[in-house]
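Here is the structure we will look at, set down as structure tokens.
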Number of protein chains: 2
Amino acid sequence: MSKLKDRPLAEPDREEDAVPCCPPLDSPDLSREDAETMAAMFKALGEPIRVLLFSRVASHPDGEVCVCDLGDLGVGQPTVSHHLKKLRDAGLVVSERRGTWVYYRVAPGVLARMGAITR
Amino acid sequence: MSKLKDRPLAEPDREEDAVPCCPPLDSPDLSREDAETMAAMFKALGEPIRVLLFSRVASHPDGEVCVCDLGDLGVGQPTVSHHLKKLRDAGLVVSERRGTWVYYRVAPGVLARMGAITR
DNA sequence: ACTCTGGATCGACGAGTGTCAATATTGAGG
DNA sequence: CCTCAATATTGACACTCGTCGATCCAGAGT
């Protein structure tokens, strides 16, 4: 007799990988590949709704957000799903399904990489 | 009898304005307007060529770059001009014409704003 | 099995964007 | 004034992207 009327709990947080990724933006040693990598990240955040989505995920105290708590962004549900997929494909967030709900969290190392944009 | 065979000199650097702009990305207090502001910046850097261009400008020891030194990016001259305009319209760089040449530099406060993306 | 709910996917449409060739503009120098 | 070099602008084309309605899929509970 499961009483799963409330949503399941989160896993404990993991270590940050501290991925180097790229030299800072204001560095002369920025290869074309680096530029493509960084542009992909920037492009993923180049839409207001995706910035809001990422912010909601990144700022949540639990470290993750249920999609069901992401309403009221002014767009329909398929559009939200579409943008979450963009963020996923860009490697900025990861998703996990637990029961009926899907939870998103910031992918490991991403915030560190963002902090390393400038030297 | 001007002997302007070499290019004119740069002006001394100015103060940074330290514009606050927006709370960090991983903050819960991120309004829709903040999201639009940040998305506009990200969108401007959402193209590899523009990342390269911005990097060339931001990493130059003189603090500015002549467009004539921006060759070999794999695209034609009108395209380079087009992307520079995008960076200008986004407020990331400013341009100044001195003689025949046009010089680009990072707009004041932009690097600080980038450093403030994460808390 | 059937149903209900949360979320992803598909197909389509309009708006936006990168690229280039051609042309315009700006300033320097004769 | 005329020409030349450095950038910017324009127009056109193909392609990408954001959005939505409709549909599909996966789990849960009865």
Side-chain angles (χ1 to χ4, degrees), chain A residues 1-9 32 35-36 39-54 56-57 64-90 93-105, chain B residues 1-9 32 35-36 39-54 56-57 64-90 93-105:
Chain A
M1 284 75 170
S2 51
K3 52 133 188 64
L4 268 189
K5 215 52 191 174
D6 38 5
R7 309 205 289 267
L9 327 88
R32 235 156 291 239
E36 283 177 21
M41 186 179 89
F42 287 136
K43 187 178 229 171
L45 290 172
E47 197 68 15
I49 299 188
R50 289 200 287 266
V51 171
L52 272 181
L53 283 173
F54 184 85
R56 294 266 186 106
V57 173
E64 66 180 6
V65 183
C66 175
V67 179
C68 58
D69 290 332
L70 253 33
D72 285 42
L73 290 172
V75 294
Q77 175 265 321
T79 303
V80 171
S81 203
H82 167 74
H83 288 301
L84 286 174
K85 179 177 170 56
K86 288 268 184 178
L87 291 174
R88 244 188 304 128
D89 291 346
V93 300
V94 292
S95 66
E96 181 192 358
R97 170 164 220 139
R98 289 204 298 278
T100 308
W101 297 278
V102 177
Y103 295 82
Y104 279 77
R105 58 173 59 220
Chain B
M1 287 87 163
S2 51
K3 50 131 191 63
L4 268 191
K5 215 51 190 174
D6 39 3
R7 310 202 292 265
L9 326 88
R32 236 157 290 239
E36 282 177 23
M41 186 180 91
F42 287 136
K43 188 178 225 170
L45 290 173
E47 198 70 14
I49 298 187
R50 290 201 286 266
V51 171
L52 272 181
L53 284 172
F54 184 86
R56 294 266 186 108
V57 173
E64 65 179 9
V65 182
C66 176
V67 179
C68 58
D69 290 331
L70 251 34
D72 286 43
L73 290 173
V75 293
Q77 175 265 320
T79 304
V80 170
S81 203
H82 166 74
H83 287 300
L84 286 174
K85 178 177 172 54
K86 287 270 184 176
L87 291 175
R88 241 188 308 128
D89 291 346
V93 299
V94 292
S95 66
E96 183 192 356
R97 169 163 219 140
R98 289 203 299 276
T100 308
W101 296 277
V102 177
Y103 295 81
Y104 279 78
R105 60 172 57 220

> Hey, are the side chains of A:F42 and B:K43 touching, using non-hydrogen atoms and a 4.5 Å cut-off?
Replying inline: no

>> Of the options D:dT9, C:dC20, C:dG7, whose atoms approach the side-chain atoms of B:R88 most closely?
In response: D:dT9

> Got B:R105 and B:V94 here, is their nearest side-chain heavy-atom distance under 4.5 Å?
Replying inline: yes

> Does OP1 or OP2 of D:dA6 have a side-chain N or O of B:Y104 closer than 4.0 Å?
Replying inline: no

>> Counting only side-chain heavy atoms from C-beta out, which of D:dA6, D:dA28, D:dC17 sits nearest to A:T100?
In response: D:dA28

>> Using whole Å, what does the distance between atom C1' of nucleotide D:dA8 and atom CH2 of B:W101 come to?
In response: 17 Å

> Once you round it to whole Å, what is the distance between C1' of D:dG27 and CZ of A:R97?
Replying inline: 6 Å

> Between D:dC17 atom P and A:D89 atom CG, what is the distance in whole Å?
Replying inline: 11 Å

> With a 4.5 Å limit on heavy-atom distance, are the side chains of A:Q77 and A:S81 in contact?
Replying inline: yes

>> Please report the distance, rounded to the nearest Å, between CD1 in B:I49 and P in C:dG18.
In response: 9 Å

> Do B:V93 and B:L84 have side chains that get closer than 4.5 Å, going by heavy atoms?
Replying inline: no

> B:L87 has an atom CG; how far is it from atom C1' of D:dA8, in whole Å?
Replying inline: 15 Å

> Could B:R56 and B:E64 be called an ion pair, given the rule that one side-chain N must be under 4.0 Å from one carboxylate O?
Replying inline: no

> Nearest-Å distance, CD (B:E47) to P (C:dG16)?
Replying inline: 17 Å

>> If I take atom OH in residue A:Y103 and atom P in nucleotide C:dA8, what distance separates them, rounded to the nearest angstrom?
In response: 13 Å

>> Do A:L73 and A:T79 make a side-chain contact, defined as non-hydrogen atoms from C-beta onward lying under 4.5 Å apart?
In response: no

> In whole angstroms, how far is the P atom of D:dA6 from the CZ atom of B:R98?
Replying inline: 16 Å

> Any side-chain N or O of B:K43 under 4.0 Å from OP1/OP2 of C:dG16?
Replying inline: no

> Where along residues 77-85 of chain A does a heavy atom come under 4.0 Å from DNA chain D, residue by residue in number order?
Replying inline: A:P78, A:T79, A:H82, A:H83

> For A:V102, which residues count as a side-chain contact (heavy atoms from CB on, under 4.5 Å) partner, sequence neighbours excluded?
Replying inline: A:V67, A:S95, A:R97, A:Y104

> Which nucleotide sits closest to the side chain of A:K86: C:dG7, D:dG18, D:dT9?
Replying inline: D:dG18

